[in-house]
Structure formats: structure tokens, C-alpha cells
Number of protein chains: 2
Amino acid sequence: MGRKRFRLGHDHGGRVTVRTVADIAGVSIASASRVLNGLGGSPELSARVRSAAERVGYVPNAIARSLQAQRTGLIGIAVPDIGNPIFIQMVRQAERVISDSGRQLLLHATKGDAAGEVELLRGLARRYVDGLILSTIKVTEAHHAILSQVAVPVVVTGQLLGDVPVDNVWADNTAGVQLAIEHFVQSGRRRIAFVNGPLDTIPGSVRDVAYRSSVAAAGLAVDDDLIENGDFTFAAGLDGTRRLLDRVRPDAILCGNDLIAAGTLHALLASGIRVPTEVAIIGMDNTALAELTFPRLTSVDLGGGERGRMAARMLLDRLETPDLPPRHESIVPFLAVRDTTVPNGDL
Amino acid sequence: MGRKRFRLGHDHGGRVTVRTVADIAGVSIASASRVLNGLGGSPELSARVRSAAERVGYVPNAIARSLQAQRTGLIGIAVPDIGNPIFIQMVRQAERVISDSGRQLLLHATKGDAAGEVELLRGLARRYVDGLILSTIKVTEAHHAILSQVAVPVVVTGQLLGDVPVDNVWADNTAGVQLAIEHFVQSGRRRIAFVNGPLDTIPGSVRDVAYRSSVAAAGLAVDDDLIENGDFTFAAGLDGTRRLLDRVRPDAILCGNDLIAAGTLHALLASGIRVPTEVAIIGMDNTALAELTFPRLTSVDLGGGERGRMAARMLLDRLETPDLPPRHESIVPFLAVRDTTVPNGDL
DNA sequence: TTGTAAGCGTTATCAG
DNA sequence: CTGATAACGCTTACAA
């Protein structure tokens, strides 16, 4: 038998629970709980409870409440890299929606590690969060397998491989790349290079295909020498562009994202090449970074913030109505034209 | 979909708990729990339990476990702005330490809102997290008051006002500013401006004082016309520098952080002013941003990552040894010299 | 209106 | 080694 739980006075092992409050107020814990939750109680009793709670500095234990309520009020959001401004953009907008709903966002960085993401999904069934927004750049079979088993609702942002019955928001990378290429072509560029991210990521491979078809559609030759693949980072943009310049002389460079574009810009300027006069640059994602380089980056807006906002909203919808059929939404991209493609007064 | 679990006598309302597993295995929930946690159990019984768990896809409920264990394994970290790379740096390093300890980091953005932070601290006593790292740039009386009442351990990163008995890691802003001014002076700069953050923040005001005393110590006149105060943002750096250039012509500009410095750089280049030849720039925080502007930013490293790392470590220490006396640690700053103060081969 | 008591899903204690 | 059973702190029928 456990030791008998008989209380004289108000000793509760230093822990203040609803029982402490009830004892001090001289009422049952049920009454205390009711008053504390604003559900009835006579004025006199309520006053006693409230004053007792105040006196001992009572704060309800969220864990216990969650166990009872079967929900935590926490929403997880997993992104590959919090150092990449595109994900900051997404998280920011998602956070808005989530916190407006009275919930809290639990941010998790996956480092783009597929195994880690799957592990996260598996652990997710542990119910620490009421739902998850998963932003992924690589999708494996394991993802698909586990996605259909997870106990809590998941919204995936990013393009999926097959036809998974899961809520999904994706950026139309193909249309985005096309916008960029058309912009280059219309301003007279003929040798358009592409410093892209890794081909074993979804955005990387989709953009590669889109680049090739857009270039071809513009009546230009597709030349593998004009293509570089590396990480989605500033360093990769810098290195990739240097390698590129060692073998060809493009008059325009499309970059896999804004971080890469910043690296490309840096490499060009360091080589004494004028931007945009000699070489034009377009980044992708249209993040805060695009505003802050000099010259400012023209960038394809793939609706990063909108994706975050929408993913959050879809998740809340599903929480409210679990039987909703899975939704797939895509965002229409647009081009934010700035100074790396069109010379402006500043230059 | 997993609707198939409604068979035989094992219907538990669609929810799989340890009881479900125990029933199917034909053992007590105590035995099931033990086996599932790797604590004994005969081979034969263990096998039965494990196979049952596997069959129904049992996943332990973390909430229930937390209620029992009186801990969640979650550590909160609250930062003013996840768009500012200094906080990303801090969070990254903290995350490393925390996840190495088998815990998870719950990131919370406070928007630098003092009231929100106090609310967070208050709600924190709800025990959703085992501890909190609070990175704050404004400290109010309310902070101090509540800090001494919170139920879970808190580590504050940032300079505190008085002598609060709480674990604390801070950056030596004064020494950092001094390093910057000395570097300017040694390279022959005489008219050193300061585009700073808001004076009603701790770093803003501390750096203001330090700037004035360092300039005076160098034998230069302190001129209010050389000082601009705004937000800790790129836009504020841009605007502040434009206003500055309207009334004075400095030969060096110290910036309150790297975001401001990027704005300053942008404003100078847009005005056709050569950097660093005509005007030198030093940022603060030495974030990833300092590496990616062109030219690269010289920046005062105030140990952002180190602060995150140390804060996490202090928190873990306190979790392990609650009776430790409060510790106050400061980080020794250094100057990361790059191209906005010293012309390099690239230029 | 108020109190009693039954859970929420685990783990831990204590007898067999 | 195994099985009842008492917590963990809270909410909520159900009674009084």
C-alpha cells in the first residue's frame, strides 16, 4: 500500500495544486476547480477560493489538464533550417495564425534530415502536440508510409511525390522558374545560367526540370555547362558561381534561392563584374534577404509566408473538422523585380 | 486508414493505451509497462507484450508520462525576434546542447514585448516546460518581480538591471564597443558615427554609454549629430544612415547590430560612397549576415552562439542540481575584421 | 450550489 | 517474476 495521504494543515509537499487551494478555502476540490474555471460557485464561496488561490500563487498544471482534455494546445512546426529566411517567413506567418487560435507553436529544426523527420513523425503520435506542420524538402517512401499512420493531424508544406491522402500546401516551382526565365529573356539575356540547390531535394529537382524546359521554350540552347548544383546556402552560391565563371560567361544567373543568390552576387562583384549591366541575377523565395543586398535582388516569390499561413489554417480546420477530405493547395508565384535585373536610379 | 482495430474484445474506444496492449497480451498493465520500458519481464511474457504492442501500433502517451514523472523533457527558449540572425545563432547553439541532453527545445518569439514576456514567465509556472531560456532586450520591474516567483528554472541571457538571483549570461557590450572604436581610431578614423538601436533597450542604452566614453577616451569629441537611434533592423539602418548623411560626413560608422550595418552599407553604396575607403563600417553580433554582404562586414563578436550554448548548459546544470547558487557569466567579445574596415584584395 | 468520486494513461510501490 | 493499486493534478458526471 502506498503511504496514507492524510493532510493536516496545508502541507502539500511544497507543491501548490488545486487541492491546496481547496483546503485553504475550506471547499472541495471540485468547487475550487469550478470557480477557477469560471463555472459557477456562489459569490461567497468564489471569493474564498479566489483569495486562497491568490494567496498561495496557484497556477494550474497544464500537463494534468491536457491529460484530462486529451489535447495540449501545442502545434508543432518542423522546418529543415531556421537559418534560411524562407523558413523564418513561413514560421512567422504560421505563428500568427496559430497564436490567434490560442495555441502555441513548437518549432523544431530537422536539418533536412529525412530520417530525423520520420522519427519526428513517429514520436508525434506521442501526443505532445495536437498537430504538426511539416515542411520538408526531401520526401522518402518512409515519409509516405508513416504519414498515413500518425495519430495527430499533419499538414505538409512542400511538393509531395505521389498522391498521399494528407493536407498539403505547395509552391508552384515550375511556374516560378518560368517567370524568371521569361523575365531574363524579355530583357535580352541569352546565356542564362542556373546555380541550383541539390538535385536530391524536391525543390532542387523540380526547378532543374523547369529551368531546362523554360530555357528550351524560349528558343535557347540548354547547356549543362551553365548549370551548377550545390547546397541551398550562401557558401554554395559563392563557390558554385566561381566554378561557373571559370568555364563560361553567362549574361544572367538564376539562383535556387535567395541565399544562393547572395553568394552569386558576392562572387560577381568580387570579380569586378557589374550587376545587372553585365550579368543579371534572380533569386527565389523573395525573402527579407532580397531587400538587403546591394543591389537589391530580383526574386521569385513562391509565397513562403502564404504557405505558412495556409498550412496553419488548414491544420486548424482539420482539428475542428477531422473528417474533412484532404486538401491540396498551391500558391501562384510572382516576380518581385528589383535591382539585379533592372538598373535603377541608385546605380 | 486504421479503422480495423474494432475487433474482438479489445475495443478501447479506438485509443491504444498500455491497457490495450496488456489485454491483448493477456498480462497486467504493470507487466506491460515494465516490458515496454525494458525493466524485466520473463522472455516469454516480454515477447507476448512486444508483439501485442507492435500489432496495435502502441505509442506511449507522453502527457500521461509527464504527469507521473513531473517533467516534460521540454525546454523553452524565448527570443525577441527570430528574424534577427543573432537569435538564430543563439537558438542553434542552445538547441545543440539541449537535444544532446535528450530534451527538446520549444522556441517562442516574444517580439521584444515586455508584457508578453512577463505573461510567458507567469504561464511558465504551468509546467509545460522543465525550464526556460529567456533572451530579453528590455528588462522591467515586472520581470524582476516575477523572475523570483517562477516555478521552473530560468536562465536569462542579456544584461539585467539590478542584482537578481537568477542564472544569467550576458555579453560585454561595453568592451565590445570599445574594441570597435579602438579599431577605427587605430586605422586613422576621426569622425566616428553611431547608428544604434533604441535607447529604451538594455543593449541600446549600454552601447550608447560605451560609445560616448570610448570616443572620449580616444581623445575625440562626442558629437550628438553623429548619433542616430532607431530599431535593430535593416530598415532602421538604412533610414538612420540617410538622416546621418544629410547633416554630417563621418569617416566611420559603428552600427548597433549587423542588420543595421547592412542598412548602413546599403545607404552608403547607394550614395556612391566607397566602403571602406571613404567610410568604414563595423557591425555588432558577428552573425552570418556579416559574411554575406559585399563587402563583408567587420563586426564585433559578442559571443551570441556561446551565450546560447552557455545558457543551455547552465539550465541543465540547475535542473540537475537545483540548489546551485545563481551564476552570472559574461562573454569576452572580440573583433572579426573583414572588408568594411580594411580594404582587401577583392576590392 | 456543493461534494464525492471516476477517470485521463503512466509509472512506482508493494504484496503474492 | 507478476499483478493489484495508488499516485501524478485536473475536470466532470453524478449525487446530495
Check the phosphate of [N] against [X], side-chain N and O only, distance under 4.0 Å to OP1 or OP2. Yes or no?
X        : N      : result
A/Ser42  : C/dT2  : yes
B/Ser33  : C/dT10 : no
A/Arg19  : D/dC10 : no
B/Ser28  : D/dG3  : yes
B/Tyr128 : D/dG9  : no
B/Asn61  : C/dC8  : no
B/Gln70  : D/dG9  : yes
A/Arg15  : D/dG9  : yes

Taking the side chain from B/Ser46 and the backbone from B/Gly41, do they hold a donor-acceptor pair closer than 3.5 Å?
->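 Indeed, once roles are kept as given, a pair shorter than 3.5 Å links the two residues.
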Just by modelled atom types, is the A/Leu324 backbone N or O under 3.5 Å from a matching donor or acceptor in the A/Thr321 side chain?
->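 Looks like no, no N/O pair under 3.5 Å.
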Side chains of A/Tyr58 and A/Thr17: do they bring a donor and an acceptor to under 3.5 Å?
-> no
Under the 3.5 Å rule, do the base of D/dG9 and the side chain of A/Gln68 count as making a donor-acceptor pair?
-> no
Calculate the interatomic distance between B/Leu45 atom CG and D/dT2 atom P; express it in whole Å.
-> 5 Å
Non-hydrogen atoms of A/Arg307 and A/Thr157 that approach each other most closely = O-CG2, 4.4 Å
